[in-house]
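Computed from heavy atoms alone, side chains included, the values below leave out hydrogens, waters and symmetry copies.
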Amino acid sequence: MWAMVVKEFRQMRRDHRALALMIVLPLLMLVVFGYAASFDVANVPVQVVGPRAEQVAPGLPAALEVQDVIPSDGDAEARETLVDGNAVAVIVTSGTGPGHVLVDGSQLFSARTVATGIASEAPTLGVEILFNPQLDTSAVMVPAIAGMILVFIGTVITSLGMVRERTAGTLEQLAVMPFHPRDVLAGKIAPYFAIAALDLVVVIVVGVVLFDVPFNGSPWLLALGSALFLLVTLGIGLRVSSVSENSGQAIQLALMTLLPQVLLSGMIFPLEAMAAGIRWIAYLLPLTYFVEISRAVMLRGAGIAAVAEPLSLLAVLGTGVFGLALLRTRRDLVPARTAARREDQREAAHPGR
């Protein structure tokens with residue numbers, strides 16, 4: 001029995017991916033749930049506008065972090081500010097009365113903090129919650145779940161499919177045919193792209209019809225963000241498959257890229273509630289930007305100017321990740337084609353051998 005124990009430990013030591021999954025992943029979960037898993041938002045960015053803005057701003061609750069005081073703006077400008085995502089709440093003051101507060105309901109937990117703080121410390125201010133008036137959890141979760149599905153298909157399913165092709169030898173067989181390597185890859189990933197797009201449509205339609213999730217923005221803008229995001233996830237899936245020798249390794253690596261995105265992207269836990277030492281990781285994750293785009297377009301009806309930054313970052317990430325994956329996969333395919341050509345030349349020079 002002791003010999004078997006020693007043998008298993010030696011095998012575990014050689015399997016670096018399994019060790020990373022057993023050691024790194026628990027540490028990641030500990031850090032996430034210790035520092036990032038919080039629904040309590042301590043500081044909420046707000047703007048104060050209107051004729052009495054400078055007088056009202058100093059007396060606001062401590063949880064409200066005043067970013068701008070603009071006496072010249074009014075209700076219309078305040079609503080535009082929320083649509084563009086420049087603040088969670090805008091306090092609109094009045095020259096004759098206490099004024100009112102407009103709150104962005106698409107940022108669920110921050111909106112609840114604002115509503116609670118205003119009700120307890122400034123009850124004379126009327127609160128109007130926009131985009132998600134009932135503060136329904138489903139309204140903010142459905143756009144994020146759509147992104148999680150794209151991650152799952154683009155990373156996990158794609159990597160498994162490509163690894164199966166490699167282990168079965170069919171990918172190398174295609175490489176020796178008169179096709180360019182990029183054509184082979186495009187043909188392989190096109191079905192995953194189509195399935196992911198179909199699943200995205202189904203999730204959004206079910207969310208709108210069954211859960212009454214509003215869709216106030218442009219479907220084409222959401223489609224653009226989804227395509228850029230899927231480009232990133234497909235690139236990650238290709239990269240995972242290129243460094244995996246079998247399906248087990250592909251699943252391990254794919255999970256190590258999937259879980260941080262689900263936990264740290266703002267999909268479940270608000271970014272504002274995360275410690276600064278953990279929050280920076282979220283800005284390296286593509287799902288963070290898709291969640292921002294999908295919630296902005298679906299709930300707030302934001303235009304392309306409001307989501308230009310996350311769209312640009314997804315485009316940069318997609319170009320980099322997919323380009324690296326394409327180069328690595330092409331490097332794996334070209335030797336097979338070269339070897340086949342040499343074999344053909346040898347056969348032509350010495351027929352019958």
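- The two residues Pro214 and Leu299 have their closest heavy-atom pair at CG-CD2, 3.6 Å.
- In this view, Glu65 satisfies the side-chain hydrogen bond (donor to acceptor under 3.5 Å, both in side chains) rule with no residue, not counting sequence neighbours.
- Crowding of Leu198 atom CG: a count of heavy atoms from other residues, nucleotides or ligands under 6.0 Å exceeding 12.
- Put simply, the side chain of Thr116 never gets that close to the backbone of Thr113: no donor and acceptor are under 3.5 Å apart.
- In this structure the side chain of Glu309 never reaches within 4.5 angstrom of the side chain of Glu292, judged on heavy atoms.
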Should Arg79 and Glu128 be marked as a side-chain contact (heavy atoms from CB on, under 4.5 Å) after you check the CA-CA gap, both sets of side-chain angles, and the distance that decides it? CA-CA 11 Å; Arg79 293 176 183 271; Glu128 180 183 358; 3.2 Å; yes

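- The two residues Ala78 and Leu102 come nearest to each other via the heavy atoms CB-CD1, 3.8 Å.
- Within 6.0 Å of CD in Glu54 there are 12 or fewer heavy atoms belonging to other residues, nucleotides or ligands.
- Leu314 and Val316 are members of different hydrophobic clusters when ILVMFWY side chains are connected at heavy-atom separations under 4.5 Å.
- Contact detail for Ala87 and Leu82: the closest heavy-atom pair is O-CD2, 3.3 Å.
- The line from CG of Leu135 to CD1 of Ile129 is 4.0 Å long, rounded to the nearest 0.5 Å.
- No path of Ile, Leu, Val, Met, Phe, Trp and Tyr side chains, each step under 4.5 Å between heavy atoms, connects Tyr289 with Trp220, placing them in separate hydrophobic clusters.
- To the nearest 0.5 Å, atom OG1 of residue Thr155 and atom CD1 of residue Ile236 are 5.0 Å apart.
- Counting all heavy atoms, side chain and backbone alike, Ala306 lies closest to Ala302 at CB-CB, 3.8 Å.
- Side-chain contact between Leu150 and Ser226 is present, with at least one heavy-atom pair separated by less than 4.5 Å.
- Between Val213 and Met298 there is a side-chain heavy-atom pair separated by less than 4.5 Å.
- Of the inter-residue distances, the one linking Thr93 atom OG1 with Ile70 atom CD1 reads 11.0 Å to the nearest 0.5 angstrom.
- Looking at Ser110 and Glu272, their side chains come closer than 4.5 Å, going by heavy atoms from C-beta outward.
- In terms of hydrophobic clustering, with Ile, Leu, Val, Met, Phe, Trp and Tyr side chains grouped at heavy-atom distances under 4.5 Å, Trp280 and Met274 are assigned to a common cluster.
- Within the 4.5 Å cutoff, the side chain of Ile204 has heavy atoms near those of the Leu222 side chain.
- Between Asp136 and Ser138, the side chains place no donor N or O within less than 3.5 Å of an acceptor N or O (distance only, hydrogens not considered).
- Put simply, the side chain of Arg300 does not reach to within 4.5 Å of the side chain of Asn216, judged on heavy atoms.
- Applying the ring pair (Phe, Tyr, Trp, His ring centres under 6.0 Å) criterion to Phe152, with sequence neighbours excluded, gives no partner residue.
- At least one donor-acceptor pair under 3.5 Å links the side chain of Thr158 to the backbone N or O of Ile153.
- Closest approach of Arg52 to Ser94, counting heavy atoms only: CD-O, 2.9 Å.
- The 12-atom threshold is not exceeded at CD of Glu80, counting heavy atoms of other residues, nucleotides or ligands nearer than 6.0 Å.
- What you find for Leu271 and Thr288 is that their closest heavy atoms are CD1-CG2, 4.0 Å.
- Counting Ile, Leu, Val, Met, Phe, Trp and Tyr side chains that sit under 4.5 Å apart, directly or through other members, Val201 shares a hydrophobic cluster with Val205, Val209.
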